[in-house]
2 protein chains.
Amino acid sequence: MSRPTIAGVARAAGVSVASVSRVLNGLPATEEMIERVQRAVDALGYVPDSRARSLKVGRTFQLTLAVADVGNPVYVTMMRAVEEVVSAAGYRLVVTTTGPDVVDEVALVRGMARGYADGLLISPIRVDEDLVKSIRECEVPVVVAGNVPAKAGVDTVRANSPKGMLLAVDHLVAKGRRRIAFLNGPADTVPGAARSKGFTEALKAHELQPAAVAEATDFTFAAGRAAAPDLLAAGGVFDALICANDLLAVGLMHELAAAGLEVPRDVAVVGMDDSELAEQSFPPLTSVNLGSAERGRRAAELLLARIEDNERAPRRIVVQPSLSIRRSTP
Amino acid sequence: MSRPTIAGVARAAGVSVASVSRVLNGLPATEEMIERVQRAVDALGYVPDSRARSLKVGRTFQLTLAVADVGNPVYVTMMRAVEEVVSAAGYRLVVTTTGPDVVDEVALVRGMARGYADGLLISPIRVDEDLVKSIRECEVPVVVAGNVPAKAGVDTVRANSPKGMLLAVDHLVAKGRRRIAFLNGPADTVPGAARSKGFTEALKAHELQPAAVAEATDFTFAAGRAAAPDLLAAGGVFDALICANDLLAVGLMHELAAAGLEVPRDVAVVGMDDSELAEQSFPPLTSVNLGSAERGRRAAELLLARIEDNERAPRRIVVQPSLSIRRSTP
DNA sequence: TTGTATGCGTTATCAC
DNA sequence: GTGATAACGCATACAA
């Protein structure tokens with residue numbers, strides 16, 4: 001029992017394929033024609049082949065969002081925002097995951113052959129020449145939620161990490177904490193580099209020295225835990241701690257508790273991303289909101305606009321951060 | 001600058017389209033032919049159109065995984081497992097999200113017209129006649145990670161909630177807790193119904209009465225918090241609490257803490273799913289592992305097998321649970 | 001309004 | 001081994 005095609009429907013209804021196509025696409029037709037076609041469609045259980053359709057019309061009405069780690073709750077925030085925008089515009093959103101390596105990211109962009117989707121939204125952790133090149137050469141429009149060089153000539157929506165860091169430090173200092181430590185993610189990543197720089201600048205603005213600095217191997221919960229010894233070896237010289245994302249913060253808080261340190265009494269902890277995890281953590285985590293929802297929304301809008309008009313000049317949007325204060329800081 | 005097609009490559013290389021296609025697909029050709037085609041491909045930056053290709057060969061080499069809520073960490077566990085299996089088999093995995101309503105799920109299965117993917121993996125929260133019907137009529141193979149009636153005649157991989165409940169109750173009773181309360185998710189969902197039944201049976205097996213029972217409006221963190229008053233109004237008559245999933249458990253633990261109750265001293269808490277959140281929660285959450293990773297793996301294998309042979313009899317696999325004991329229970 | 005015929009970009013079947 | 005050509009399933013310009 002082979003699947004029915006439009007030709008089969010036409011035969012069953014005793015009309016031409018063109019008429020079937022017209023009825024299915026809501027083009028003008030007589031009541032009777034609509035009736036006959038509809039009956040044949042129902043009887044055969046016909047459903048159009050989206051490949052053939054999109055091959056003909058040149059669009060798939062699908063958009064792809066590629067994230068590095070589905071386990072990172074910051075991406076679910078972004079995903080929800082993107083989904084809302086693109087589905088309102090009549091597109092289906094499909095999500096694929098790339099992992100932390102640039103090569104995978106490049107492979108994805110390269111492999112995003114024409115036909116898979118009408119546009120691509122990526123949020124790469126690491127960026128190199130190859131990635132920029134593959135984006136420029138990509139068959140479909142690409143927008144980056146993150147930071148790539150301006151000369152890449154691509155639409156970007158990025159966070160303002162330095163400003164976010166400053167908000168965190170301001171808050172901690174206002175609460176009387178001056179011995180501030182920092183747990184970064186991998187420094188060879190874009191967010192890692194940005195947050196490291198931001199931390200240094202923010203402390204300088206307050207004429208403070210870092211109390212301790214450590215670098216996790218990844219932006220994950222496990223990496224946060226694993227980095228704890230490095231930080232604790234510094235010998236309790238810090239009374240506040242900023243982490244490069246919420247997962248690291250929560251991982252580290254577990255080890256802080258294990259070491260007998262109480263949050264926020266002994267150590268105030270600030271995360272970044274203000275993901276759902278910040279709210280779910282205990283104590284609830286004060287976190288720098290880097291606007292992941294807004295970044296997702298803006299990025300999706302940019303992508304839709306570029307699909308509409310591929311000649312427009314690339315835009316580079318920066319979303320401003322805010323601080324969500326919860327109980328992990330005094 | 002229009003996108004190059006195989007015809008353009010053929011023209012540039014001075015050969016036929018058939019030869020280009022052959023070289024690209026690794027079919028026998030002379031060294032020189034391969035050389036010429038390759039050069040033209042590189043020069044033009046040609047990348048094949050996957051629609052046209054799959055229209056011709058009849059396969060997309062894509063599989064779709066549809067989950068109800070991307071924010072539920074149990075799905076990331078499942079997603080990782082599925083991804084691993086299908087990518088090893090040469091398929092790309094795309095993830096789409098449906099929301100908690102059956103109608104959306106039905107729309108997804110219906111809309112999964114031939115051409116979007118070669119197979120569909122769904123994990124529906126609610127199931128009705130329409131959904132079963134749409135699955136049976138679906139153009140591509142569907143496997144369900146969850147529970148649908150046997151007469152649906154579809155491959156399924158499901159958890160054993162009652163057995164899981166029993167593990168939880170066994171554990172609590174062994175630790176001396178007998179006044180056990182239960183926070184369920186919506187009872188009109190498949191997992192909600194199964195867990196409710198399982199809870200009742202498990203208590204009966206120990207000749208215990210439920211200390212309190214409440215029903216959250218959703219399987220989310222927020223719903224877990226919101227359900228707290230209902231449970232706490234019961235007046236501290238329980239010394240243990242089982243929640244229908246980890247998100248509910250964590251949400252509720254926040255309210256327990258707010259009410260001055262200490263976990264596990266005053267109330268032992270057990271979640272279900274054993275998701276990443278269970279480990280990240282504080283205190284780390286004892287949770288019933290319903291085998292989400294294994295369910296994902298087995299479901300993916302079933303889907304691949306069915307794509308291979310659509311005539312094989314439907315299989316119904318049940319994955320056995322285990323208990324991950326952490327510090328939320330004594 | 002309806003039907004006929006062409007082409008979207010690719011692979012596969014033939015001849016050569 | 002290579003090249004012309006017919007499909008794959010659909011939408012649409014054009015003719016009726």
Side-chain angles (χ1 to χ4, degrees), chain A residues 1-41 44-62 111-118 139-140, chain B residues 1-41 44-62 111-118 139-140:
Chain A
M1 162 185 158
S2 176
R3 271 110 183 206
T5 73
I6 198 171
V9 176
R11 211 175 314 119
V15 300
S16 74
V17 291
S19 296
V20 177
S21 176
R22 262 190 235 101
V23 170
L24 260 36
N25 292 332
L27 294 172
T30 50
E31 273 306 319
E32 146 149 38
M33 175 64 81
I34 296 178
E35 171 72 15
R36 286 176 72 172
V37 170
Q38 204 52 258
R39 196 157 31 216
V41 165
L44 297 176
Y46 168 75
V47 43
D49 185 309
S50 61
R51 291 169 298 205
R53 178 183 159 73
S54 80
L55 179 60
K56 185 67 186 156
V57 301
R59 307 177 71 168
T60 62
F61 292 98
Q62 282 199 152
M112 183 47 61
R114 190 174 17 157
Y116 277 124
D118 297 338
E139 298 277 340
V140 300
Chain B
M1 161 189 154
S2 177
R3 271 111 182 202
T5 73
I6 199 171
V9 175
R11 212 176 312 120
V15 301
S16 73
V17 292
S19 296
V20 177
S21 176
R22 259 189 241 103
V23 171
L24 260 36
N25 293 330
L27 295 171
T30 54
E31 273 306 320
E32 167 176 4
M33 175 63 83
I34 296 178
E35 172 73 16
R36 286 174 73 170
V37 169
Q38 205 50 258
R39 196 156 33 215
V41 164
L44 297 176
Y46 168 75
V47 42
D49 186 308
S50 59
R51 291 170 296 208
R53 175 170 212 287
S54 78
L55 178 59
K56 186 63 187 161
V57 301
R59 306 176 69 168
T60 63
F61 292 98
Q62 284 200 150
M112 183 49 59
R114 189 176 17 158
Y116 278 123
D118 297 338
E139 297 279 338
V140 300

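Between A:Arg51 and B:Arg59, the shortest heavy-atom distance links the atoms NH1-N, 3.9 Å. The minimum heavy-atom distance between B:Pro4 and B:Tyr46, with the atom names listed, is O-CD1, 3.3 Å. The minimum heavy-atom distance between A:Ala10 and A:Ser16, with the atom names listed, is CB-C, 3.7 Å. When all heavy atoms of A:Asp49 and B:Gly115 are compared, the pair lying nearest together is OD1-CA, 4.1 Å. A:Asp118 and A:Val140 get closest at one heavy-atom pair: O-CB, 3.9 Å.
Judged purely by atom type and a 3.5 angstrom limit, A:Ser21 has no side-chain atom pairing as donor or acceptor with the backbone of A:Val17. Judged by distance alone, with hydrogens and angles left aside, the side-chain atoms of B:Arg22 form no donor-acceptor pair with the main-chain N or O of B:Leu27 at under 3.5 Å.
Applying the 3.5 Å distance criterion, the base of D:dA7 shares a donor-acceptor pair with the side chain of B:Lys56.
The distance between atom CZ of A:Arg53 and atom P of D:dA11, rounded to the nearest whole Å, is 5 Å. Rounded to an integer number of Å, the gap from CZ of A:Arg59 to C1' of D:dC10 is 17 Å. Here the C1' atom of nucleotide C:dT6 and the CG atom of A:Leu55 are 13 Å apart, to the nearest Å. Note: CD1 (A:Ile6) to C1' (D:dT12) measures 11 Å, nearest angstrom. Distance B:Phe61 CZ to C:dT11 C1': 12 Å, rounded to the nearest Å. Here C:dG9 presents its C1' atom at 13 Å from CZ of A:Arg51, a figure rounded to the nearest Å.
Put simply, the side chain of B:Val37 reaches to within 4.5 Å of the side chain of B:Val15, judged on heavy atoms.
For the segment residues 7-19 of chain A, residues with any heavy atom less than 4.0 angstrom from an atom of DNA chain D are, sorted by number, A:Ala18. Of the residues in residues 23-39 of chain B, B:Asn25 come within less than 4.0 Å of DNA chain C through at least one heavy atom, sorted by number.
At the heavy-atom level, B:Thr5 lies under 4.0 Å from the strands shown only through sugar-phosphate atoms. Base engagement by B:Arg22 is indicated by at least one non-hydrogen atom pair under 4.0 Å involving a base atom.
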Next item on the list: Would you sort out whether A:Val41 and A:Leu24 count as a side chain to side chain contact (heavy atoms under 4.5 Å, CB included), showing the intermediate values?
Entry: CA-CA 9 Å; A:Val41 165; A:Leu24 260 36; 4.1 Å; yes
